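Bear in mind the structure is a predicted one, so any value in this text is a computation, not a measurement. When a residue number appears, it is its place in the shown sequence, counting from 1.
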Amino acid sequence: MDSSGLGSSTSLRQRFLARLDWQFIRRTSGIMFGITLARVLGFAFSFLLARTLETEDFGAVQYTITLATLVGILTVPFAEQVMPWFISHYRDDEIKLEAVLSSGAAILVASVLLSLVIAAVVLAAINRLSIAVVVIFLGITLFNTYAGLGRGFMASARLLIAYIGSNALQLIAVLVVVMILGRDSALPVMLIYGLSYILPIVILQLTQPLPIVISATGIRRPVIHELLRFAVPSWLSHALFTVTFALDILLIEHFQGEAAVGVYSLTKTLVMVFSFASQGVAMMLMPKIAASGEGSRRILFSALAITLGVNFAALIPYVLIYPWFVPTLVGDEYFIGATFGLLMATSAIVYSIHAIVTSYILGRKQPGLETASRICILIVMVVSGSLLIPSQGAVGAAWAALLSASAGVVSYPLILLVRPRLHRRSAPDL
């Protein structure tokens, strides 16, 4: 054997390992485990519905949840992205932190009221307004608000309890409802889905409260201005993300009907397993970069290594099990081929790469770059989805998802060719 080749390989591996931030990897490993447990409970929730409800009813549940996420376009990104950045940066300054929390609360309340008014008008006009949409919207808004606060305060343990608790509560409550009502339980299930986010958060705040201080005197116009300045591109980016994420469901419902939505949504839920790693990593990546830019590229490299390593390790058993799992445990009507399952899994992996890079960019306080990338994703999804879904249904939607995810990843280096240097903006003086 060529000893020089062996030495070169060993040296390459050592250089690779040296570039990793092992402290960051250890901290995120526990978070990934917790998110995985929470998502397994979420999968059980979805599979229980798919087995119990008629295909059309399962599709109706997924469609209603999709509408609720669209209603949350203003509230979710502000709570999930803007507040964590400012909290993590100013959490050691009590006066500025109170100003951030109080001013942010005022913006969030106004956003909730505005969202409800707009949703009432638009959904009533298309005959889609229901109490289920409102309850789910309020539930996900409250949950993402707590998640944003937890990320800002780096309270990962409480975040995981909230994730696991809400998913466990969903599953238990739905089991009870299904046992009582059987196939006629679509509306109660949707109400449970929205309300289940609230109880764990209330319990956590009573037993292990986050250090939240909000007062009327803490609301300050300059702070509101700075929060909104950061929020505007985040709102636009999230709107683009939400519309893109929902567009495949909306197009399938329009061209193929709610039964096709149910079939597609099951696998779309299943491949969320490939987002576990990126969710766990991104939860700590953005606030860590925001708090200090030291070694940020090393942290980014570590985040990508974790995400890709976990996802490729999960891809092999997924490919082997998927053709048996769906028809056997859910139903033959939900299985439309192994190729469809592989396309969906690949698109989810590519999206996870985009999520990590986006968290890094947001930590560097460059939300405008994310917005540009989201525009590319949406354009590709609209064009490819409109062309492929009418004739190919769910398989066409899977191709559209993969093409749009790939466009998102490729867009970042292309944008940086035009804007070659990614500068870290200095924190505003509040």
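Side-chain contact check for Tyr197 and Thr141: no donor-acceptor pair (N or O, by modelled atom type) lies under 3.5 Å. Judged by distance alone, the side chains of Tyr351 and Ser404 do bring a donor and an acceptor atom under 3.5 Å apart.
In this structure, Val380 and Ser384 approach most closely via the heavy-atom pair O-OG, 2.5 Å. Taking all atoms of both residues into account, the shortest heavy-atom contact from Pro211 to Leu101 is O-CD1, 4.2 Å. Minimum heavy-atom separation, Ile136 to Met190: CG1-O, 3.5 Å. Considering all non-hydrogen atoms of both residues, Ile389 and Gln256 come closest at O-NE2, 3.3 Å. Here the shortest heavy-atom pairing between Val409 and His354 reads N-CD2, 3.8 Å. Listed here is the closest heavy atom pair of Ala162 and Pro200: O-CB, 4.3 Å.
Here the side chains of Tyr264 and Ile336 are not in contact, with every heavy-atom distance at 4.5 Å or above. Counting only heavy atoms from C-beta outward, the side chains of Ile73 and Trp235 never approach each other to under 4.5 Å. At least one side-chain heavy atom of Trp324 sits under 4.5 Å from a side-chain heavy atom of Leu329. Side chains of Thr66 and Glu253 form no contact here, defined as non-hydrogen atoms less than 4.5 Å apart. Counting only heavy atoms from C-beta outward, the side chains of Val61 and Asp57 never approach each other to under 4.5 Å. Between Asn144 and Ile140 there is a side-chain heavy-atom pair separated by less than 4.5 Å. Proximity of Leu227 to Val82: side-chain heavy atoms (C-beta onward) are separated by under 4.5 Å at one or more points. When side chains are defined from C-beta on, Val174 does not count as touching Tyr193, because their heavy atoms never get closer than 4.5 Å.
The CD1 atom of Ile377 sits 12.0 Å away from the CG atom of Leu403 when rounded to the nearest 0.5 Å. Note that OG of Ser196 and CG of Asn167 are 7.5 Å apart. Values are rounded to the nearest 0.5 Å. Taking CG from Leu236 and CD1 from Ile375, the interatomic distance works out to 6.0 Å, rounded to the nearest 0.5 Å. The distance from atom CD1 of Ile356 to atom CD1 of Ile361, rounded to the nearest 0.5 Å, is 12.0 Å. Taking CG from Leu70 and CZ from Arg128, the interatomic distance works out to 12.5 Å, rounded to the nearest 0.5 Å. Rounding to the nearest 0.5 Å places CG of Leu108 at 8.0 Å from CE of Met83.
Using modelled atom types, no side-chain atom of Gln392 and backbone atom of Ala397 make a donor-acceptor pair closer than 3.5 Å. Under a 3.5 Å cut-off, the side chain of Tyr318 and the backbone N or O of Val271 do not form any donor-acceptor pair. A donor-acceptor pair is defined here as one N or O able to donate and one able to accept, closer than 3.5 Å; no such pair exists between the side chain of Ser111 and the backbone of Thr75. For Ser373 (side chain) and Gly408 (main-chain N/O), a donor-acceptor pair under 3.5 Å exists by modelled atom type. Using a distance-only test at 3.5 Å, with no hydrogens or angles considered, no donor-acceptor pair links the side chain of Arg158 to the main chain of Leu204. Checking side-chain atoms of Arg151 against main-chain N and O of Ser88 turns up no donor-acceptor pair under 3.5 Å. Distance alone, capped at 3.5 Å, places no donor-acceptor pair between the Ser115 side chain and the Gly72 backbone. For the pair Ser166 (side chain) and Tyr163 (backbone), a donor-acceptor distance under 3.5 Å is present. In this structure a side-chain-to-backbone donor-acceptor pair under 3.5 Å is missing from Ser265 to Gly262.
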- Task: Determine, step by step, whether Ser352 and Asn311 satisfy the side chain to side chain contact (heavy atoms under 4.5 Å, CB included) criterion, reporting the C-alpha distance in whole Å, the side-chain angles of both residues, the deciding distance to 0.1 Å, and the verdict.
- Result: CA-CA 9 Å; Ser352 72; Asn311 281 342; 3.0 Å; yes
- Item | Intermediate values then yes/no, side chain to side chain contact (heavy atoms under 4.5 Å, CB included), Leu97 and Phe153 | CA-CA 11 Å; Leu97 180 60; Phe153 288 114; 3.8 Å; yes
- Task: Could you check Val382 against Leu378 for side chain to side chain contact (heavy atoms under 4.5 Å, CB included), going step by step and ending with a plain yes or no?
- Result: CA-CA 6 Å; Val382 169; Leu378 180 60; 3.9 Å; yes
- Query: Is there a side chain to side chain contact (heavy atoms under 4.5 Å, CB included) between Arg374 and Thr358 once you walk through the steps?
  - Reply: CA-CA 10 Å; Arg374 297 289 183 196; Thr358 297; 4.2 Å; yes
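Enclosure of atom CD1 in Ile95 is not indicated, since only 12 or fewer non-hydrogen atoms of other residues, nucleotides or ligands lie within 6.0 angstrom. No more than 12 heavy-atom neighbours from other residues, nucleotides or ligands sit within 6.0 angstrom of CD on Glu94.
Under the salt bridge (Lys or Arg N to Asp or Glu O under 4.0 Å) criterion, the residue pairs touching residues 259-281 are Asp248-Lys268, with sequence neighbours excluded.
Remark: Phe335 engages Tyr322 in a ring pair (Phe, Tyr, Trp, His ring centres under 6.0 Å) (not counting sequence neighbours).
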